[in-house]
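See structure below.
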Amino acid sequence: MTFRRAGIAVALLTFFIYAALIASLTTFLSFDTVASLFSSARTLHAIKTSVFAATLVVFIAGLVALPAGFALSRHDFVGKRVVDTMLELPLFVSPAALGAMLLIFFSTSAGIWIQDNLQQFVFTVYGIILAQFVAVLGVSVRLCKAAFDEVPTRYDDMARSLGAGSFTAFHTVVLPNARRGLFAAAILTWAKAMGEFGATITVAGTIAMRTETLPISIYMRLASADIEGAVGAIALLIVVSLTVLYLSRFISAR
Amino acid sequence: MKNLSLTLQSGMCHVIVGTTGSGKTLLLETIAGLRRQESGRISFGERDISHLEPELRDVSYLPQDLCLFPNMRVRENICYGLRLRGISIQEAESRLQPLAIELDIAHLLDRHIAHLSGGERHRTALARAIISDSPLILLDEPFASLNLGLKRKLWHYLKDLQTKRKWTLLLVTHDLEEAQLLGDDLSLIANGELVDSGPKSEVFCYPETVSAACILGAENFLPAEFSGRSDGFCYFYSPALEAKIAVSQNYPTLTGDNSEKSCFKLGIRASDIAICGPDSATAIKGCIIDNIFRKGKTATLVLRCPQKNFSLLAEVPLADIAAHVPGDSVCIHIAPGTAMALIQS
């Protein structure tokens with residue numbers, strides 16, 4: 001077997017591992033379950049909440065990750081290495097711990113003031129968005145930095161020597177040339193936000209028709225021994241996410 | 001880079017020739033503002049631009065790696081600088097069309113950069129550097145990867161435009177033919193230091209140091225002792241050749257008072273060495289042919305000098321060595337006044 005064929009075989013194997021897990025869902029999945037899920041206002045609300053929150057989080061995280069990733073990629077500044085290391089915090093701290101840290105923050109005087117005067121986060125939809133934002137931000141910045149690293153700094157230099165200011169060089173040359181990497185970053189951020197559970201449930205709780213995302217819905221159904229309902233929600237999460245991700249890649253490739 | 005002082009004359013083409021890694025590109029990038037100098041001053045007339053941002057310097061730069069933007073088509077790449085200066089599309093197009101025709105890229109204007117060949121990329125980058133008529137244009141080996149025919153055509157085109165539009169060009173090259181054709185002034189750089197600088201004819205014909213002659217392609221350097229002056233020549237005795245070599249007494253390194261006491265090396269171009277008969281008055285005898293490399297109408301000879309640990313390169317017409325093979329002993333002739341008296345440092 002050639003090295004090429006072995007590589008392709010392993011790539012297919014990873015697909016089949018996940019495909020087998022998806023296929024096993026059919027043991028508990030019936031047409032009636034799916035039909036009842038789609039007619040359930042609670043499930044539709046969970047889908048809407050999940051998609052809305054994940055999409056919004058991509059944009060909010062992007063607002064921070066684009067300039068931060070660009071600065072980390074292009075400039076040297078005091079504390080750069082510390083900032084870079086901190087981006088891994090959401091990866092090594094478990095999501096539940098991250099949510100707990102958010103809850104603890106809202107118990108401090110600054111957190112209480114924010115909740116009283118600006119916005120209530122704990123046990124609200126805003127809590128979902130905040131928890132997901134905090135959970136994905138590190139990865140998002142890291143992915144944006146990687147996308148900008150792919151664009152040689154010579155392009156910035158060249159644009160500037162032709163008369164572009166640093167911001168013009170950024171948006172006319174660097175940003176368009178980093179677009180593939182940034183698009184991939186957005187997709188991964190969205191997928192991570194869609195599947196976020198630990199931080200979300202800790203901050204936003206499990207209030208049906210209010211703070212119930214699809215992963216929370218799966219947990220709530222499992223907790224109440226509703227296996228068929230849980231399987232249906234898992235299937236929905238997979239279908240919605242795979243469809244969005246595949247379509248995005250398809251559009252991006254064109 | 002250290003101790004480097006360079007003055008460019010407005011409307012002239014100044015060429016920098018130097019060895020690889022000598023700091024030529026670094027110099028251009030510093031002038032363009034892409035690198036900060038630790039000390040020193042760069043000025044445009046009275047205006048100090050040392051600490052200005054690159055976009056405020058009004059300097060066009062063509063880097064060696066071209067740096068064309070892959071997200072833009074050829075037209076957008078070339079007109080990028082014009083667009084930033086607020087020049088209208090019609091005006092940009094009226095400048096672009098004749099330039100594109102002359103550089104033979106008119107048919108490529110709507111192509112993406114990824115679909116261009118190496119030569120086409122070079123011409124696009126050249127067009128981008130010269131279209132905006134900047135007061136100073138920096139060109140880093142602009143013709144390096146072009147074939148000789150196209151290169152010669154573009155040299156003439158660029159020289160013509162430079163003369164007509166009175167552009168101030170600072171051009172870095174390895175190609176001596178390019179330097180001779182395009183340059184008005186010439187600077188030689190080695191190891192981050194300026195070795196020689198001045199009008200092209202002076203620097204080319206009368207290099208003063210071994211490094212300068214080396215950069216200008218002189219092949220042979222022989223230790224020599226001053227032995228006297230007569231008939232407008234200074235004579236140097238070369239122990240390697242066991243012969244006297246005549247250098248013009250107007251050679252710049254020989255005009256000072258201490259010239260006779262200075263330590264010299266003689267620089268001799270391979271093309272200034274000829275094969276002659278043993279009866280010639282200036283014949284240097286006893287050179288052995290070590291090797292012959294034939295190329296077209298000429299041949300390069302590797303000659304072992306009478307003093308065996310020295311060898312010389314000579315470039316002679318093929319007909320002159322038709323009857324010779326390696327191992328033969330030949331007489332050589334170095335025309336009086338063609339050798340260079342070089343200071344060793």
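Computed from heavy atoms alone, side chains included, the values below leave out hydrogens, waters and symmetry copies. Residue numbers begin at 1 in each chain, while the letters A, B, ... track the order of the sequences. Given the structure is predicted, the values throughout are model-derived calculations rather than measurements.
For chain B, the nearby part of A:Ser166 is the backbone; its heavy atoms alone come within less than 4.5 Å. At a 4.5 Å heavy-atom cutoff, B:Leu82 makes no contact with chain A through either its backbone or its side chain.
Side-chain contact, B:Tyr61 with B:Ser134: no donor N or O sits under 3.5 Å from an acceptor N or O.
The only member of B:Lys166, B:Arg165, B:Lys164, B:Arg85 that meets salt bridge (charged side-chain N to carboxylate O under 4.0 Å, His left out) when paired with B:Asp133 is B:Arg165.
Under the 30°/60° scheme for interplanar angles, the aromatic rings of A:His171 and A:Phe167 are found to be tilted.
When each of B:Arg128, B:Arg83, B:Glu29 is checked for heavy-atom pairs under 4.5 Å with chain A, B:Arg128 comes out on top.
At most 12 non-hydrogen atoms from other residues, nucleotides or ligands lie less than 6.0 angstrom from CZ of A:Phe15.
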